[in-house]
K.L.:
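Let me begin by handing over the structure; questions about it come next.
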Amino acid sequence: MILRDFHARHFRALEDFEAGFAPGLNVVRGPNEAGKSTLHSAITALLFAKPSLPPTTVPRVKSWYSEQLPVVSAQITADDGDCELTKDFEQREAVLVLPDGTSVT
């Protein structure tokens, strides 16, 4: 599985952040407080967090600048094609679009 494109809205200090990743090793670097750990947390939330849980259980994902809860999404390449995974903590839903266009919630 390869994480290709990543997008986060209203995730802690990341108000509208996009990043593209290449196959192989990708290195994220920057000065202190640049958002490296926040990016790590956002990717972790995309892969493992349950947006269906009550918002009070996910305070560490809350935006610093908005009352809206975050939306994180990514294009993921697997052996059988490209998928898109979106987790919307505001709407409390997760959607996975499979390579054939089928949506799974």
Side-chain angles (χ1 to χ4, degrees):
M1 179 175 85
I2 300 170
L3 181 68
R4 293 281 185 194
D5 297 307
F6 179 79
H7 184 230
R9 275 194 333 247
H10 308 300
F11 193 95
R12 292 174 19 189
L14 304 176
E15 270 307 290
D16 193 15
F17 176 83
E18 291 185 34
F21 298 98
L25 178 66
N26 288 259
V27 177
V28 177
R29 61 184 287 264
N32 289 344
E33 300 299 318
K36 301 177 299 292
S37 295
T38 300
L39 174 60
H40 177 267
S41 295
I43 292 170
T44 301
L46 174 74
L47 297 174
F48 301 108
K50 295 181 181 177
S52 60
L53 295 176
T56 55
T57 64
V58 288
R60 299 187 67 171
V61 302
K62 191 166 176 4
S63 172
W64 292 359
Y65 309 107
S66 171
E67 289 302 311
Q68 280 187 290
L69 290 174
V71 176
V72 289
S73 62
Q75 182 181 11
I76 300 166
T77 299
D79 291 338
D80 56 346
D82 291 344
C83 302
E84 184 165 335
L85 176 60
T86 302
K87 290 195 179 173
D88 187 335
F89 291 87
E90 185 74 26
Q91 300 298 318
R92 297 174 67 178
E93 68 181 10
V95 177
L96 175 65
V97 180
L98 299 172
D100 66 1
T102 305
S103 291
V104 179
T105 56

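Since this is a predicted model, take the numbers as computed values, not measurements. Residues take their numbers from the sequence shown, with the count starting at 1.
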K.L.:
Tell me, please, which residues at least two apart from Glu18 pass side-chain contact (heavy atoms from CB on, under 4.5 Å).
P.N.:
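Here the qualifying residues are His7.
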K.L.:
For a quick test of reading the model, state the closest non-hydrogen atom pair linking Ser41 to Arg12 and the distance between them.
P.N.:
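Heavy-atom minimum between the residues: OG-NH1, 3.4 Å.
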K.L.:
Taking side-chain hydrogen bond (donor to acceptor under 3.5 Å, both in side chains) as the test, write out the residues that go with Glu67, two or more places apart.
P.N.:
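For Glu67 the side-chain hydrogen bond (donor to acceptor under 3.5 Å, both in side chains) partners, ignoring immediate neighbours, are Lys62.
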K.L.:
State plainly whether one hydrophobic cluster holds both Phe89 and Val71, where clusters connect Ile, Leu, Val, Met, Phe, Trp and Tyr through side-chain heavy atoms under 4.5 angstrom apart.
P.N.:
no
K.L.:
Does anything in residues 75-87 form a side chain to side chain donor-acceptor pair (under 3.5 Å)? List the pairs, not counting sequence neighbours.
P.N.:
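Sorted pair list: Arg4-Thr77, Gln75-Asp82, Thr77-Asp82.
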K.L.:
Who pairs with Thr102 by side-chain hydrogen bond (donor to acceptor under 3.5 Å, both in side chains), at least two apart in sequence or on another chain?
P.N.:
Asp100
K.L.:
Which residues satisfy the side-chain contact (heavy atoms from CB on, under 4.5 Å) test with Pro31, sequence neighbours excluded?
P.N.:
Ala34
K.L.:
Name all residues meeting the side-chain contact (heavy atoms from CB on, under 4.5 Å) criterion together with Ala74; count only those two or more places apart in sequence or in a different chain, and write none if there are none.
P.N.:
Leu3, Phe6, Leu46, Ile76
K.L.:
Do any N or O atoms from the side chain of Lys36 and from the backbone of Gly30 form a donor-acceptor pair under 3.5 angstrom?
P.N.:
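Side chain of Lys36 to backbone of Gly30, a donor-acceptor pair under 3.5 Å: yes, one is there.
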K.L.:
Determine whether Ile2 and Phe21 satisfy the following criterion, side chain to side chain contact (heavy atoms under 4.5 Å, CB included), listing intermediate values before the conclusion.
P.N.:
CA-CA 8 Å; Ile2 300 170; Phe21 298 98; over 6 Å; no
K.L.:
Show the nearest heavy-atom pair for residues Val72 and Ala42, with the distance to one decimal.
P.N.:
CG1-O, 4.2 Å
K.L.:
Rounded to the nearest 0.5 Å, how far apart are CD1 of Ile43 and CG of Leu39?
P.N.:
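Between Ile43 CD1 and Leu39 CG, I get 4.0 Å after rounding to 0.5 Å.
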K.L.:
Hey, what do you get for CD (Gln68) to CD (Gln91), rounding to the nearest 0.5 Å?
P.N.:
9.0 Å
K.L.:
Quick one: list whatever passes side-chain hydrogen bond (donor to acceptor under 3.5 Å, both in side chains) with Glu15, sequence neighbours left out.
P.N.:
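Per chain and number, Glu15 pairs via side-chain hydrogen bond (donor to acceptor under 3.5 Å, both in side chains) with His10, Ser63.
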K.L.:
How does the hydrophobic cluster around Leu25 look, that is, which other residues are in it when side-chain heavy atoms under 4.5 Å mark a link?
P.N.:
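Reading the cluster by chain and number, Leu25 sits alongside Val27.
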K.L.:
Give, for atom CZ of Phe11 and atom CG of Leu69, the distance between the pair rounded to the nearest 0.5 Å.
P.N.:
11.0 Å
K.L.:
Could you tell me the separation between the CD atom of Glu90 and the CD atom of Glu93, rounded to the nearest 0.5 Å?
P.N.:
11.0 Å
K.L.:
Taking transitive links into account, so neighbours of neighbours count too, which hydrophobic residues share a cluster with Val95 at under 4.5 Å side-chain distance?
P.N.:
Val97
K.L.:
List for me each residue that meets side-chain contact (heavy atoms from CB on, under 4.5 Å) alongside Asn32, sequence neighbours excluded, and say none if there are none.
P.N.:
none
K.L.:
How many angstroms lie between CG in Asp16 and OG in Ser66, if you round to the nearest 0.5 Å?
P.N.:
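Answer for the CG-OG pair, Asp16 versus Ser66, is 11.5 Å.
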